[in-house]
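Below is one structure, written out as structure tokens; the observations come after it.
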Amino acid sequence: MKYSELVLYGVYSDLRTEVARRLLGVLWWALEPVMYMAVFYVVFGLGLRQGDTDYVPFLLCGLVAWKWFDSSIRQAGMAIQGNSGLIQQIFVPKYVFALIQVLSNTFKFFIVLLLLLGFLLLFGKEPTLEWLGLVPLLLVQLLLTLSLGLLLSALIPFAQDLKQVVDNLLMLMMFMSGIFYDLQQLPATLQGILNYNPMLQLIQAYRAILLHNQWPDWLSLGWVVLGALPVLLLAVLILRRFERHYPKLML
């Protein structure tokens, strides 16, 4: 079996297994992120009174993009550890396991994205030519997610405590991504610091396209790509260099 076929089968198997063990099956893929977003809306939109009715689509655009990134990174980072039994039995390129997790989450993300688009249409937003900007934007986020996911999957088996560090960094990164607030409300100095967060750039691009019918800032997306490519290269080099070492780490 070719490795590409192995990845596709792994994605299918992962999704089928998840559906089988959930009482609500496929519906849970939509229900879980809806509940996730509802909690944050109650806290920030109602409890802290962060905005008016326009705050709902503003918040949802950020949360949908973040949920895809966050879930993929966490699961991809633990992909090699989670398949330790299989790794000790047969040889499979280790990138396969992280790639399966990223693609599985990507499939579920598209379902949530369709729900978001439907909500925006009901909210009164009208699709325009600029919505086609979602295609390159999604590809950029996929590249960023895959780069970081592969790198973490390569490193965590060597230092399992790194998982706790990653969990806390992701939490910090979430609050620095402008999900809950408008970046323009912050001091200029703080804005400059937060702009180094690639997810902030991506979330702003989603809002520009879906809420304001504007093309994203292509320069910002270009910088995200330039930052993700060397990370991806480093991840691939580490995985190839220690390909045969991972089974020993699982003992």
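Linking ILVMFWY residues whenever their side-chain heavy atoms come closer than 4.5 Å, directly or via other members, leaves Leu172 and Tyr196 in distinct clusters. Note: the hydrophobic cluster containing Leu114 does not contain Leu142 (ILVMFWY, side chain heavy atoms under 4.5 Å, direct or indirect links). When the side chains of ILVMFWY residues are joined at heavy-atom separations under 4.5 Å, either directly or via intervening members, Leu139 and Tyr206 end up in two distinct hydrophobic clusters. Put simply, Val135 and Leu211 are part of two different groups of oily side chains (I, L, V, M, F, W, Y) that touch within less than 4.5 Å, one to the next.
The distance from atom OG1 of Thr145 to atom CG of Leu202, rounded to the nearest 0.5 Å, is 8.0 Å. Here Ser71 contributes atom OG and Asn105 contributes atom CG; the two are 5.0 Å apart, rounded to the nearest 0.5 Å. Between the CD1 atom of Ile209 and the NZ atom of Lys125 there is a distance of 14.0 Å, given to the nearest 0.5 Å. In this structure, Leu169 CG and Leu152 CG are separated by 9.5 Å, a value rounded to the nearest 0.5 Å. In this structure, the separation between CD on Gln141 and CG on Leu221 is 10.5 Å, given to the nearest 0.5 Å. Atoms CG and CG, on Leu183 and Leu190 in that order, are 7.5 Å from each other to the nearest 0.5 Å.
Both tests hold for Arg244 against Phe91: distance to the six-membered ring centre under 6.0 Å, angle to the ring axis within 45°.
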Next on the checklist: As a quick check of understanding, evaluate side-chain contact (heavy atoms from CB on, under 4.5 Å) for Tyr55 and Asp182, giving each step before the final call.
Outcome noted: CA-CA 10 Å; Tyr55 184 69; Asp182 186 348; over 6 Å; no

Next on the checklist: Quick one, Met173 with Asp70, criterion side-chain contact (heavy atoms from CB on, under 4.5 Å). Give me CA distance, side-chain angles, the key distance, then yes/no.
Outcome noted: CA-CA 10 Å; Met173 189 176 180; Asp70 182 74; over 6 Å; no

Next on the checklist: Between Met176 and Leu200, does the side-chain contact (heavy atoms from CB on, under 4.5 Å) criterion hold? Intermediate values first, please.
Outcome noted: CA-CA 7 Å; Met176 296 177 64; Leu200 182 142; over 6 Å; no

Checklist entry - What's the verdict on side-chain contact (heavy atoms from CB on, under 4.5 Å) for Leu99 and Val11, showing C-alpha distance, side-chain angles and the deciding distance? => result CA-CA 9 Å; Leu99 187 56; Val11 172; over 6 Å; no

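Between Trp215 and Ala208, the shortest heavy-atom distance links the atoms O-CB, 4.4 Å. The two residues Arg207 and Cys61 have their closest heavy-atom pair at CG-CB, 3.9 Å. Taking every heavy atom of both residues into account, Ile156 and Met78 meet most closely at CG2-SD, 3.8 Å. Here the closest heavy-atom approach between residue Phe180 and residue Leu59 is recorded as CD2-CD1, 3.6 Å. The two residues Ile87 and Lys94 have their closest heavy-atom pair at CG2-CE, 3.7 Å. Nearest heavy atom pair, residue Glu126 against residue Asn213, reads O-OD1, 3.6 Å.
Side-chain contact between Phe107 and Leu103 is absent, with no heavy atoms from C-beta onward closer than 4.5 Å. Side-chain atoms of Gln191 and Gln184, non-hydrogen and from C-beta on, do get closer than 4.5 Å to each other. The side-chain heavy atoms of Val96 and Ile100, taken from C-beta on, include a pair separated by under 4.5 Å.
Considering only residues two or more places apart in sequence or on other chains, Leu121 meets the side-chain contact (heavy atoms from CB on, under 4.5 Å) condition with Pro127, Trp131. Looking at residues two or more places apart in sequence or on another chain, you find a side-chain contact (heavy atoms from CB on, under 4.5 Å) between Ala98 and Ala76, Ala79, Leu150, Ser153. Every residue two or more places apart in sequence or in another chain was checked for a side-chain hydrogen bond (donor to acceptor under 3.5 Å, both in side chains) with Ser147, and none qualifies. Taking the side-chain contact (heavy atoms from CB on, under 4.5 Å) definition, one finds that His245 meets it with Arg241, Phe242, sequence neighbours left out. For Leu229, the side-chain contact (heavy atoms from CB on, under 4.5 Å) test picks out Leu143, Val225, with sequence neighbours left out. In terms of the side-chain hydrogen bond (donor to acceptor under 3.5 Å, both in side chains) criterion, Ser13 has no residue partners (sequence neighbours excluded). In terms of the side-chain hydrogen bond (donor to acceptor under 3.5 Å, both in side chains) criterion, residue partners of Ser220 (sequence neighbours excluded) are, by chain and number, Gln201, Asp217. Taking the side-chain hydrogen bond (donor to acceptor under 3.5 Å, both in side chains) definition, one finds that Gln204 meets it with nothing, sequence neighbours left out.
Using a distance-only test at 3.5 Å, with no hydrogens or angles considered, no donor-acceptor pair links the side chain of Lys67 to the main chain of Ala65. The backbone N or O of Phe175 lies less than 3.5 Å from a partner atom in the side chain of Tyr181, making a donor-acceptor pair. Tyr246 contributes no side-chain N or O that, together with a main-chain N or O of Leu239, makes up a donor-acceptor pair within less than 3.5 Å.
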Pairs of donor and acceptor atoms involving the side chains of residues 157-164, under 3.5 Å and at least two apart or interchain, shall be tabulated with distances.
from	atom 1	to	atom 2	distance (Å)
Lys163	NZ	Asp167	OD2	3.1

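Ring geometry for Phe110 against Trp68 counts as tilted: the plane angle lies between 30° and 60°, on a 0 to 90° scale.
Members clustered with Leu219: Trp223, Leu226, by chain and number, using a 4.5 Å side-chain heavy-atom cutoff among hydrophobic residues. Grouped with Leu237 in one hydrophobic cluster are Leu233, the linkage being side-chain heavy-atom contacts under 4.5 Å among Ile, Leu, Val, Met, Phe, Trp and Tyr residues. Hydrophobic clustering, defined by side-chain heavy atoms of Ile, Leu, Val, Met, Phe, Trp and Tyr closer than 4.5 Å, leaves Leu122 isolated from every other such residue.
For the side-chain contact (heavy atoms from CB on, under 4.5 Å) criterion with Leu60, the lone passing option out of Leu210, Ile179, Leu120, Leu116 is Leu116.
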